[in-house]
Amino acid sequence: MGKNKQLTQRSEDFSTWYNELIFRAELADHSPVRGSMVIRPWGYGIWEHMQRALDDMFKETGHQNVYFPLLIPMSFIEKEKDHIEGFKPELVVVTHAGGKELEEPLVVRPTSETVVMSMMAKWVQSYRDLPMKLNQWVNVMRWELRTRLFLRTSEFLWQEGHTLHATTEEAEEHTKIMLGVYRNFMENWMAMPPVTGLKSESEKFAGAVRSYSCEAMMQDNKALQAGTSHFLGQNFSRQFDVTFQSEVGKEEFGWNTSWGVSTRLLGGLIMTHGDDQGLVLPPKIAPIQVVIVPVKDLEDGSVLGKAESMCSELIAQGIRTKVDSRDFVNPGSKFYEWERKGVPIRLEIGPRDLENNQVVLVQRVVPEGQPKKEVLSQLEALGTMSKKLDSLQGLLLDNAVKRREDNSYRKVKTITELKEIMDGPGGYVYTGWCGDPAVELAIKEQTGATLRCIPEEEFRSTKTPHKCIGRDQKSEMEVVWAKAY
RNA sequence: CGGGGCGUGGCGCAGUCCGGUAGCGCACCUGCUUUGGGAGCAGGGGGUCCCCGGUUCGAAUCCGGGCGCCCCGACCA
């Protein structure tokens, strides 16, 4: 026994590891429909915690939730030229309903800018109605050629924020505020620190003036675009006639933003923290933060009784705790199962512990060189649990930041060097760029790397590169290259 | 959509070359003994062999055509 119970190791085959982990941790499964997935309770539970945290942040930044319909008239999607060009290949279109062919085909939303704008046009008359800040938690469909669980499925869950502002400055600022919200969430809840920045023209959202993104580095050193925030300018408001009367009585077009994160974040979570044992969950988004495993109960049921009373005390402290009281599963099996599912802390309690008023505490991840198991008094376990969860949360973030920086390269000057890194370990490569899209294309063709973003100031190198990596030209900006999901 | 691999109880596979009435491990069910890192013994249940067609006395196996999944690319959150 044993061998086939283990996951494929990350070093052996990262993709296989990723897929196996999803099945073994019971996060998701393939649905009968090609490219779409069923999110199982454990996976959805994590998503719910992520949703809650994000939704709170959206409310704090003045947004209200709404619901727009799944179906959008084809003519709406076609209104904005770049928008339809970008989305056309991925559209799922409804042509029949009620046994008849529809007069106008309906698109299953790939994103909702168009229908939101069409309604905003009705709702907004005056500058006093602005800003209008809306968000919705919905499913969308994009018929992708190659799908991967969580990373790219034909249907996925996300939130899409849509705002309308009176001035370009305000809209642009809001785009950045939401990028910051995403970054904050990724760092402080998911412990997945992204590099943030501006997308190049060729990589921006179809229909946007400017797109900003969060680029998180996975354990295989590839980048995952984990969230985007777009400044749409008046591209959509002009097409949908979203106008308002300004303070001085002039009719003006509104300025829009839109931004979204999806269940792709779960893929990012797996590839940021997962190890060869399985998933690793940051405490803040773990459906269960502490699992208590009773080991060999006594005749009088006192071991289970103690486990349950400790559980109640932890729950009273606001810690999500569960006793695994299944009597038909061996303790060893339970240990492996909860590790596979990524539960941050496990408490083991048996007759021996009962006698000594102690408990065995096992952390899913510990700082290097520290033992995973420690024995401490029940009182101490209860008293320090909250602190331990916090420090584990911090440890995961520290580890991820370190990994990201350890795999970032800042003194690369030629495409040859870039290619060597891409063919070797991979990672983020910071270089100068003249701004010519032809350089982007050449680098993509030669190295497989794409321009992830023009990083925000704090990510830039202390020594600004002064030459473009691709041409004998002055560098106009520092950019980040990486292979991406 | 191109290249490669694969579809056989829930999962992982053998059997396919060379046609003869489907098997192994894990999981599952029952009972007893166990329980501090994936338990042991005994008994038991479960499969239109991806689908459709063809060849044949007979097809998981041979032939034709579909469909699906995975991996690597190009496209994308």
Side-chain angles (χ1 to χ4, degrees), chain A residues 1-8 13-20 22-24 26 29-35 37 85-91 110-111 139-160 182 199 202-206 211 213-216 223-230 258-268 277-278 293-298 303-304 326-340 346-355 358-360 362 372-373 375 441 444-445 448 450 483-485:
Chain A
M1 78 205 63
K3 283 185 199 77
N4 62 348
K5 292 189 170 185
Q6 247 148 42
L7 283 177
T8 296
D13 184 341
F14 196 75
S15 294
T16 303
W17 165 82
Y18 175 81
N19 285 325
E20 280 181 10
I22 289 171
F23 293 120
R24 299 288 307 282
E26 297 177 1
D29 208 340
H30 291 290
S31 88
V33 176
R34 172 196 158 72
M37 69 174 168
E85 209 168 287
F87 281 105
K88 192 145 206 175
E90 316 174 349
L91 292 180
T111 179
N139 56 342
V140 287
M141 287 206 95
R142 299 179 187 180
W143 207 254
E144 302 286 357
L145 294 176
R146 187 181 157 202
T147 58
R148 297 195 67 187
L149 291 174
F150 290 118
L151 297 176
R152 194 181 300 100
T153 46
S154 9
E155 179 182 359
F156 56 93
L157 303 182
W158 78 344
Q159 58 69 218
E160 46 179 327
Y182 287 156
K199 282 291 188 186
S202 67
E203 297 270 343
K204 74 179 186 187
F205 175 74
S211 289
S213 77
C214 296
E215 302 286 332
L224 181 75
Q225 183 173 303
T228 46
S229 184
H230 314 291
S258 72
W259 26 276
V261 293
S262 72
T263 36
R264 169 178 265 199
L265 286 174
L266 282 160
Q277 266 59 58
V293 178
V295 179
K296 192 180 178 195
D297 206 352
L298 298 170
V303 171
L304 187 57
R326 293 174 296 175
D327 59 2
F328 50 88
V329 181
N330 266 29
S333 282
K334 293 179 183 177
F335 299 163
Y336 280 106
E337 180 175 336
W338 293 113
E339 274 171 18
R340 201 157 58 230
R346 174 176 80 236
L347 293 178
E348 305 172 11
I349 181 159
R352 224 154 54 206
D353 305 303
L354 214 55
E355 212 168 292
Q358 65 183 34
V359 68
V360 176
V362 185
K372 278 201 169 186
K373 285 198 182 197
V375 180
L441 199 65
K444 190 173 181 180
E445 276 168 8
T450 49
K483 286 191 182 172
Y485 275 96

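Searching all strands for a Watson-Crick or G-U wobble partner of B:rG9 with both distances below 3.5 Å returns nothing. When both distances must be under 3.5 Å, the Watson-Crick or G-U wobble mate of B:rU48 does not exist. Across all strands shown, B:rG20 forms a Watson-Crick or G-U wobble pair with B:rC57, both key distances being under 3.5 Å. Under the Watson-Crick or G-U wobble criterion, with both distances below 3.5 Å, B:rC32 is paired with B:rG40. Both distances falling under 3.5 Å, in either a Watson-Crick or a G-U wobble arrangement, place B:rC1 opposite B:rG73.
Summarising the geometry of A:S154 relative to A:T147, their closest heavy-atom pair is N-CG2, 4.1 Å, with the distance given to 0.1 Å. In plain terms, the two heavy atoms of A:V303 and A:D297 that are nearest each other are N-OD1, 2.9 Å. The two residues A:Y182 and A:C214 have their closest heavy-atom pair at CB-SG, 3.9 Å. Contact between A:E215 and A:A223 at its shortest, heavy atoms only, is OE1-CB, 3.9 Å. The shortest heavy-atom contact between A:T263 and A:M37 is OG1-CE, 4.4 Å. Taking every heavy atom of both residues into account, A:Y18 and A:L151 meet most closely at OH-CG, 3.4 Å.
Partners of A:K373 by side-chain contact (heavy atoms from CB on, under 4.5 Å), not counting sequence neighbours, listed by chain and number: A:R346, A:E348, A:V360, A:V362. Take A:N139 and apply the side-chain hydrogen bond (donor to acceptor under 3.5 Å, both in side chains) test, not counting sequence neighbours, and it matches A:R109, A:E155. Applying the salt bridge (charged side-chain N to carboxylate O under 4.0 Å, His left out) test to A:K372 and every residue at least two apart in sequence or in another chain returns nothing.
Rounded to whole Å, atom C1' of B:rC69 lies 15 Å from atom CD of A:E20. Counting to the nearest Å, the P atom of B:rC69 and the CE atom of A:M37 are 14 Å from each other. A:F23 has its CZ atom 13 Å from the C1' atom of B:rG12, to the nearest Å. B:rA27 atom C1' lies 12 Å from atom CZ of A:R340, rounded to whole Å. Taking atom CZ of residue A:R24 and atom P of nucleotide B:rG38, one finds them 15 Å apart after rounding to whole Å. Straight-line distance from the CD atom of A:E337 to the P atom of B:rA39: 12 Å, rounded to whole Å. What separates CG of A:L304 from P of B:rU35 is a distance of 17 Å, to the nearest Å. Between A:W143 atom CH2 and B:rC1 atom C1' the separation is 15 Å, expressed in whole Å.
Taking the C1' atom of each, B:rG15 and B:rC49 are spaced 11 Å apart, rounded to whole Å. To the nearest whole angstrom, the two C1' atoms, one in B:rA22 and one in B:rU16, are 13 Å apart. Nucleotides B:rU21 and B:rU33 have their C1' atoms positioned 40 Å apart, rounded to a whole Å. Taking atom C1' on both B:rG40 and B:rU35, the two are 12 Å apart, rounded to the nearest angstrom. Of the P atoms belonging to B:rG12 and B:rC50, the separation is 14 Å, rounded to the nearest Å. Separation of the C1' atoms belonging to B:rG46 and B:rC29 is 10 Å when rounded to the nearest angstrom. Between B:rC69 and B:rC51, the distance separating the two C1' atoms is 15 Å to the nearest Å. Taking atom P in both B:rC17 and B:rC63, the straight-line distance is 9 Å, to the nearest Å.
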Discussion item. Working note: A:E337 + A:R326, criterion salt bridge (charged side-chain N to carboxylate O under 4.0 Å, His left out); need CA distance, chi angles, decisive distance, verdict.
Written reply: CA-CA 13 Å; A:E337 180 175 336; A:R326 293 174 296 175; 3.1 Å; yes
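Ring pair A:H230/A:F205 is parallel by interplanar angle, where below 30° counts as parallel and above 60° as perpendicular.
With hydrogens and angles ignored, a donor-acceptor pair closer than 3.5 Å exists between the side chain of A:E339 and the base of B:rG37. Residue side chain A:K372 does not reach the base of B:rG37 through any donor-acceptor N/O pair under 3.5 Å, judged by distance alone.
For A:H30 and B:rC70, the shortest distance from a side-chain N or O to OP1 or OP2 is below 4.0 Å.
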Worksheet, complete the sentence: Whether each nucleotide of nucleotides 71-77 of chain B has a protein heavy atom under 4.0 Å at its base (B), only at its sugar-phosphate (S) or at neither (-) is summarised, 5' to 3', as SBBBBBB
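Counting non-hydrogen atoms under 4.0 angstrom, A:G268 reaches nothing in the nucleic acid. Residue A:G350 is in base contact, counting any heavy-atom pair closer than 4.0 Å across all strands shown. Nucleic acid contact class of A:V261 (heavy atoms, under 4.0 Å, all strands): none.
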Just the table, please: protein N/O against nucleotides 29-34 of chain B N/O, every pair under 3.5 Å.
none

Please tabulate, one pair per line, each protein N/O and nucleotide N/O from nucleotides 2-8 of chain B that are separated by under 3.5 Å, including the distance.
none

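Aromatic stacking is not marked for A:F335 over B:rG37, as the cut-offs of 5.5 Å for the centres and 30° for the planes do not both hold.
Side-chain contact between A:V140 and A:F156 is present, with at least one heavy-atom pair separated by less than 4.5 Å.
Although no hydrogens or angles enter the test, the distance criterion places no donor-acceptor pair under 3.5 Å between the side chain of A:Q277 and the main chain of A:E339.
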